[in-house]
Amino acid sequence: MPSLSVPTTSALPANHRIPATSPSVFKALQRLARPSLISVVLHWLHDDVQEICPPYLRPESDEEDEQDLYPACSNLKRLRELYRLMQERNGGKREVVDRVLEGDWRHGITLYQLALIDMQYLYDHPTSQKWTALKIIRLSSDDVEDGDRPKEQKSMTLPRLHPATFLQNLRKEAPPDVKAYYNIDRHGRLPLTILRMFIMESPYNTERVFSASSRATLDSSKHFYVAFPDNSPYVYVSLTTSTGAKTPRGSRSIRQTILEGIPKAFSRPRERYGLESTNLSAKNLEALVERRGGLRTNAAGGGWGVYADGNKNDTPLNHSLSADGDNSGESETDVEPRTFGLKRKPDEVRAIVKRRKLLAKGRFGNSGLIDDGKGIEQFDVRIQDPFFSDRAASPVQDEHRSSDQAEKGSKGRRSTIDQALAHEAMDLDEDEDTAWRPEVTVSFHGSHVFAGIRQWVESGAIKAEKMPGWMTGEEGVSIGVVRDGRIKGFKGSRV
Amino acid sequence: MISATAHDASSQQLDREISSLKAQIAALKAQRSTQTSNIISSRASLSILNRLRAPPPKSMSTVKSLDDSLRDDTPLHTALLSNATRQEARNLECLYRACAAVTTFKGHDPDPKAVDHGNFLGIRIEVGSTGKFIRPYYIMLNKPYPSNALLRIHRHTVPPCIALDTLAHRYLPEPKVSGSTILKEKKQDLPRFVRAIRKEIVAYHNRITSIKHLRKQFKLDENVSSKGKERERVIVDISAADAEALQLRMEWVDGRIGRCLVDGRGAVKKCAIVGDDGRDRETERRVVGGDKRMETIGTRLMEGIY
């Protein structure tokens with residue numbers, strides 16, 4: 001370690017060690033399940049990564065220390081064998097954590113190791129982060145005179161992510177009093193490249209900053225994830241998940257700086273990019289990939305998904321009549337319908353249930369199924385239809401009054417939602433008539449909001465024919481303003 | 001413990017059996033529907049159906065003709081006739097789709113609040129890839145402005161790597177609106193839009209296909225383990241480097257890395273190959289030379305190597 005710390009602008013190197021005694025390191029390790037922890041440790045012991053996360057090895061000449069609770073091994077091979085044995089037998093998680101922190105990595109966990117732990121946690125708990133989808137738009141190179149914001153320029157190509165260049169540019173955008181460690185990884189199942197940033201407020205990039213005030217610097221709110229879906233003009237940015245009170249005041253501005261840095265890092269001379277909100281945020285990455293990914297499903301949500309799914313029968317060479325994805329006969333699982341205490345014949349009830357299911361299929365297509373794993377957990381709309389001008393709209397509002405009221409109990413998070421909605425509604429408020437438009441905000445919460453609505457339709461709580469389109473999730477937004485029964489703003493699935 | 005694993009094994013086997021049976025059922029059903037449509041559209045059955053449809057000959061007595069018409073009204077016959085009509089329509093649709101590549105259809109948006117009472121115009125773009133029709137791309141257009149025929153893209157299934165947005169901006173510009181009145185109308189050109197978007201889609205698929213072909217030519221997707229091959233592997237990787245497949249990434253065994261730019265039509269524009277000792281000009285010339293097509297890069301490289 002150099003004796004002198006000089007402020008620099010370079011990034012944190014991967015092999016900087018954080019003391020193993022630091023509580024946040026312990027916490028990070030403790031969060032993982034035993035099998036994933038061991039698989040991560042085995043990855044640390046690969047020959048390729050020995051430069052950035054070497055374990056503590058006993059020199060050949062030294063003898064084994066009897067006092068040591070976890071005697072250090074003398075070579076990598078034995079250490080690997082040891083953890084492989086641990087993998088095979090059952091045991092507690094604590095045993096592995098202690099072995100790592102007090103035994104084989106007693107001299108500290110490097111930043112690279114910490115990054116791997118966090119990424120593994122992200123893969124094991126896909127809903128641990130809340131992601132916001134942003135669109136990367138090409139800014140026009142013309143002069144910006146008619147307004148403060150540069151206009152979008154339509155281009156024929158998408159911004160291309162070249163990780164090394166992107167990181168190099170992003171580093172330049174980081175303020176000099178902040179040091180970050182960047183780690184890029186591929187998602188195992190989804191077509192995503194995930195960048196993890198570990199941000200530390202210090203002008204120095206030496207190891208001393210960790211030992212000095214490890215508690216303050218290793219705050220969890222300074223982890224920042226950016227996911228880049230393949231072949232698409234979107235990025236997903238993780239929000240800080242820490243609770244409001246504990247967040248240091250600076251972290252929001254750091255986040256802002258990095259957000260501004262992302263489009264700049266994409267930019268090249270004569271090719272500038274900016275970020276634009278897409279009104280979609282969710283915890284589920286799979287849902288985001290479907291609605292803002294690089295595939296066909298972006299602008300064909302809800303019932304329109306039948307045009308985008310992988311139905312192989314939809315070719316001109318298939319002449320059979322039932323080819324158009326009409327497999328409703330096969331999906332009949334014949335669940336015994338509940339009669340709800342009505343004096344109806346079971347046949348009649350079955351027919352009604354079947355009809356409702358068909359209607360729900362017509363509106364939702366193959367989306368909104370409870371087990372499809374593409375659920376978004378929150379959906380807010382502000383309804384701005386004029387009062388009594390349109391009778392068809394009012395029963396829908398009535399039906400959700402209960403859910404709206406139920407939601408009002410949790411006031412903590414309303415403010416940000418209100419802000420976003422107000423921002424959305426702003427450009428609509430300017431013109432228009434003087435009809436009284438009551439402010440009704442409907443908020444849906446749950447593990448899979450649109451599957452819930454589909455179940456309402458299937459159970460008859462909502463009439464499928466009268467349900468407005470935004471309730472099927474086909475707009476692909478999680479926040480929006482409804483006017484004339486449609487989500488406004490042309491941002492949803494509009495091209 | 002042992003019983004549990006045994007139980008697991010047996011349940012797994014049952015699951016496998018169930019899934020294989022289900023697959024069999026699906027295959028049989030598909031076969032049945034193919035046979036049905038084949039039978040119903042065959043010439044012999046069509047002539048039978050025509051006879052059923054035709055009015056009974058006049059020489060028959062009135063009582064008999066009454067009898068005949070009764071027979072015609074049996075549910076089986078009506079179903080058969082309606083099926084035959086649907087099949088005929090379907091055959092015609094398939095014929096158009098196979099020959100015309102771009103077809104349109106009308107549809108109805110189930111959303112009760114949709115603009116223009118939910119009517120939309122669907123455009124279906126058929127694409128072929130390696131000798132097969134793949135899932136067509138759909139673009140749904142609606143008329144959002146009352147008393148005006150201006151179109152707007154409502155939903156579509158075109159992936160973002162095809163610049164639908166830009167082309168729509170160019171050929172289907174939106175009018176300037178204030179409230180619900182149109183201030184300034186811009187001319188829209190649907191045929192040119194469709195032509196442009198189809199060209200983009202087909203060109204994209206051609207590029208993807210030729211990359212696939214290159215990979216096949218250099219046997220990149222096969223296992224390396226088989227020994228005794230007369231040709232050693234020289235190229236490690238050829239893949240698209242960007243979403244639109246306008247850039248090719250090539251990697252050689254000896255560590256040389258190449259980037260090749262092609263234009264929308266698949267003509268090679270530029271190429272740079274860098275190895276440990278600088279640019280490899282000879283291979284670059286080989287890639288860019290010849291007929292300058294990306295399909296034939298493989299052949300030109302092969303000539304240089306072997």
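The figures here come from the full heavy-atom set of this structure, side chains too, leaving out hydrogens, waters and symmetry mates. Just so it is clear: chains get the letters A, B, ... in the order the sequence lines come, proteins before strands, and each one is counted from 1.
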| Region of B:Leu246 in contact with chain A, defined by heavy-atom distances below 4.5 Å | side chain
| note | The interface call for B:Gln35 against chain A, heavy-atom contacts under 4.5 Å, is neither
| Is there a donor-acceptor pair under 3.5 Å between the side chain of B:His108 and the backbone N or O of B:His117? | yes
| Nearest heavy atoms of B:Glu93 and B:Arg124, plus distance in Å | OE2-NH2, 3.5 Å
| Does any heavy atom of chain A fall under 4.5 Å from the side chain of B:Thr157, the backbone, both, or neither of them? | both
| note | NZ (B:Lys143) and CG (B:Leu121) are apart, to the nearest 0.5 Å, by 8.5 Å
| said: Taking every non-hydrogen pair under 4.5 Å, which of B:Pro110, B:Ala241, B:Ala163 racks up the most with chain A? | reply: B:Pro110
| said: Could you tell me if A:Arg292 sits above the aromatic ring of A:Tyr236, with its cationic atom closer than 6.0 Å to the ring centre and no more than 45 degrees from the axis? | reply: no
| Contact origin within B:Glu126 toward chain A - heavy atom pairs under 4.5 Å | side chain
| message | Quick test of your reading of the model: are A:Arg355 and A:Glu465 salt-bridged, counting only N-O distances below 4.0 Å? | response | yes
| Are A:Arg186 and A:Asp230 close enough for a salt bridge, meaning some N to O gap below 4.0 Å? | yes
| Per-residue contact mode, A:Thr297 against chain B (heavy atom under 4.5 angstrom) | neither
| task | Can you tell which part of B:Asn38 gets under 4.5 Å to a heavy atom of chain A, answering side chain, backbone, both or neither? | result | neither
| How far apart are the closest heavy atoms of B:Cys260 and B:Met250, and which atoms are they? | CB-CE, 3.8 Å
| note | Okay, B:Leu167 and chain A: the region with an atom under 4.5 Å from a heavy atom over there is side chain
| Most chain A-contacting option - heavy-atom pairs closer than 4.5 Å, from B:Cys94, B:Cys161, B:Ala243 | B:Cys94
| Looking at B:Gly122, B:Ala98, B:Pro160, which one has more heavy-atom pairs under 4.5 Å with chain A than the rest? | B:Pro160
| query | Between the side chains of A:Glu474 and A:Trp304, does any donor sit under 3.5 Å from an acceptor? | reply | yes
| field | Side chain / backbone / both / neither for A:Leu158 at chain B, heavy atoms under 4.5 Å | value | both
